[in-house]
Amino acid sequence: RNVESKMTPRPQPEIRRVPLEQLCLSVKSTGPDRDVAQFLRRTLTPPDDQAIDVAMKLLHRIGALDDNHLTALGRYLAIIPADLRCAKLLVYGSIFSCMDACLTIAAILTGRSPFVSPRDKREEAREARLSFSNGHGDLLLDMAAYDSWSEKSTILKYRDLQSWCSEKFLSHQTLRDISSTKSQLISSLKDASIIPMDY
């Protein structure tokens with residue numbers, strides 16, 4: 001009752017609770033001379049000016065804006081329906097011809113690591129995880145595990161694949177989610193003409 005009495009009558013609107021960089025980029029992409037802060041101040045529940053400033057500074061830092069003008073990178077980031085950092089990774093992946101690796105990493109970052117760590121088998125799980133390690137960090141380790149699963153999924157039967165996942169302390173469902181997210185990202189990149197339609 002004490003907690004309930006301190007609760008606000010209704011939750012804060014989303015525009016005041018979440019980071020604004022994606023929204024600011026979308027607003028900026030609707031017109032080159034659009035003043036983002038002025039536009040957002042006219043909404044029903046305007047966000048704090050400080051939150052808008054933080055979002056605009058981040059957009060400048062990642063290269064989506066230059067002197068308050070949308071860059072070529074910014075135009076692509078506005079089209080790709082992903083976190084800005086993941087979207088930038090995908091754009092750079094197409095430039096440097098490492099698209100598949102970037103797609104896998106972006107899909108992992110969008111979801112979560114495919115590894116599981118049961119309380120009673122922490123040491124075995126750690127050993128299984130390290131079997132995929134190449135010494136270059138957790139993301140590349142997760143990517144190696146996904147790539148191995150993807151390869152095995154073409155040659156193993158479903159039940160054998162699940163057994164392999166159990167042995168390696170991998171979540172079969174999470175790996176399937178990563179695969180599904182990759183497919184969605186590929187569709188978005190094709191729509192944005194970043195990768196060819198026959199990719």
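None of these values were measured; they are calculated from a predicted model. Side-chain atoms are counted along with the backbone in the values below, which use heavy atoms only and exclude waters and symmetry mates.
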Got more than 12 heavy atoms from elsewhere within 6.0 Å of [atom1], [X]?
X: Q12; atom1: CD; result: yes
X: Y92; atom1: OH; result: no
X: R17; atom1: CZ; result: yes
X: Q173; atom1: CD; result: yes
X: K57; atom1: NZ; result: no

**Prompt:** Given the rule in the side-chain contact (heavy atoms from CB on, under 4.5 Å) test, do L65 and T71 qualify, once you have shown the distances and angles that lead to the verdict?
**Reply:** CA-CA 5 Å; L65 294 178; T71 62; 5.6 Å; no

**Message:** L189 vs L103, test: side-chain contact (heavy atoms from CB on, under 4.5 Å). Steps then yes/no.
**Reply:** CA-CA 10 Å; L189 294 174; L103 279 163; 3.9 Å; yes

Tell me whether [X] contacts the main-chain N or O of [Y] through its side chain, where contact means a donor paired with an acceptor under 3.5 Å.
X: S133; Y: L130; value: no
X: K190; Y: M197; value: yes
X: S117; Y: R122; value: no
X: S148; Y: A144; value: no
X: H136; Y: L141; value: no
X: K28; Y: N68; value: yes
X: K88; Y: L77; value: no
X: H69; Y: D67; value: yes

**Request:** Could you walk me through whether F39 and T30 pass the side-chain contact (heavy atoms from CB on, under 4.5 Å) test, one step at a time?
**Result:** CA-CA 11 Å; F39 181 87; T30 61; 6.0 Å; no

Enter the distance from [X]:[atom1] to [Y]:[atom2] here, rounded to the nearest 0.5 Å.
X: D147; Y: D100; atom1: CG; atom2: CG; result: 6.5 Å
X: T110; Y: Q184; atom1: OG1; atom2: CD; result: 9.5 Å
X: I95; Y: C102; atom1: CD1; atom2: SG; result: 10.0 Å
X: L161; Y: H172; atom1: CG; atom2: NE2; result: 4.0 Å

Which heavy-atom pair separates [X] from [Y] by the least distance, and what is that distance?
X: T174; Y: S171; value: OG1-OG, 2.9 Å
X: A106; Y: L89; value: N-CD2, 4.0 Å
X: L90; Y: M99; value: O-CE, 3.4 Å
X: P47; Y: R16; value: CA-CG, 4.3 Å
X: Q22; Y: I80; value: NE2-O, 4.4 Å
X: R85; Y: L58; value: NH2-CD2, 3.5 Å

Side chains of [X] and [Y], heavy atoms from C-beta outward: is any pair under 4.5 Å?
X: L109; Y: D83; answer: no
X: L175; Y: C165; answer: yes
X: L84; Y: L25; answer: yes
X: C24; Y: L40; answer: yes
X: R75; Y: S29; answer: no
X: I194; Y: V91; answer: yes

Identify whether the distance between the nearest side-chain nitrogen and carboxylate oxygen of [X] and [Y] falls below 4.0 Å.
X: D160; Y: K152; result: no
X: E4; Y: R1; result: no
X: D142; Y: R129; result: yes
X: R112; Y: D177; result: no

Give the cluster check for [X] versus [Y]: same hydrophobic cluster or not, with ILVMFWY residues linked at side-chain heavy-atom distances below 4.5 Å.
X: I15; Y: V54; answer: no
X: I105; Y: Y199; answer: no
X: I178; Y: M143; answer: yes
X: L73; Y: M56; answer: yes

**Prompt:** Going by the angle between their ring planes, with limits at 30° and 60°, are Y146 and W149 parallel, tilted or perpendicular?
**Reply:**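 The rings of Y146 and W149 sit tilted, inter-plane angle from 30° to 60°.
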
**Message:** Evaluate S163 against L156 for side-chain contact (heavy atoms from CB on, under 4.5 Å), listing each step before the verdict.
**Reply:** CA-CA 10 Å; S163 296; L156 294 178; over 6 Å; no

**Item:** Cation-pi geometry met for K121 and F169 (6.0 Å, 45°)
**Value:**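 No, cation not above the ring by the 6.0 Å, 45° rule.
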
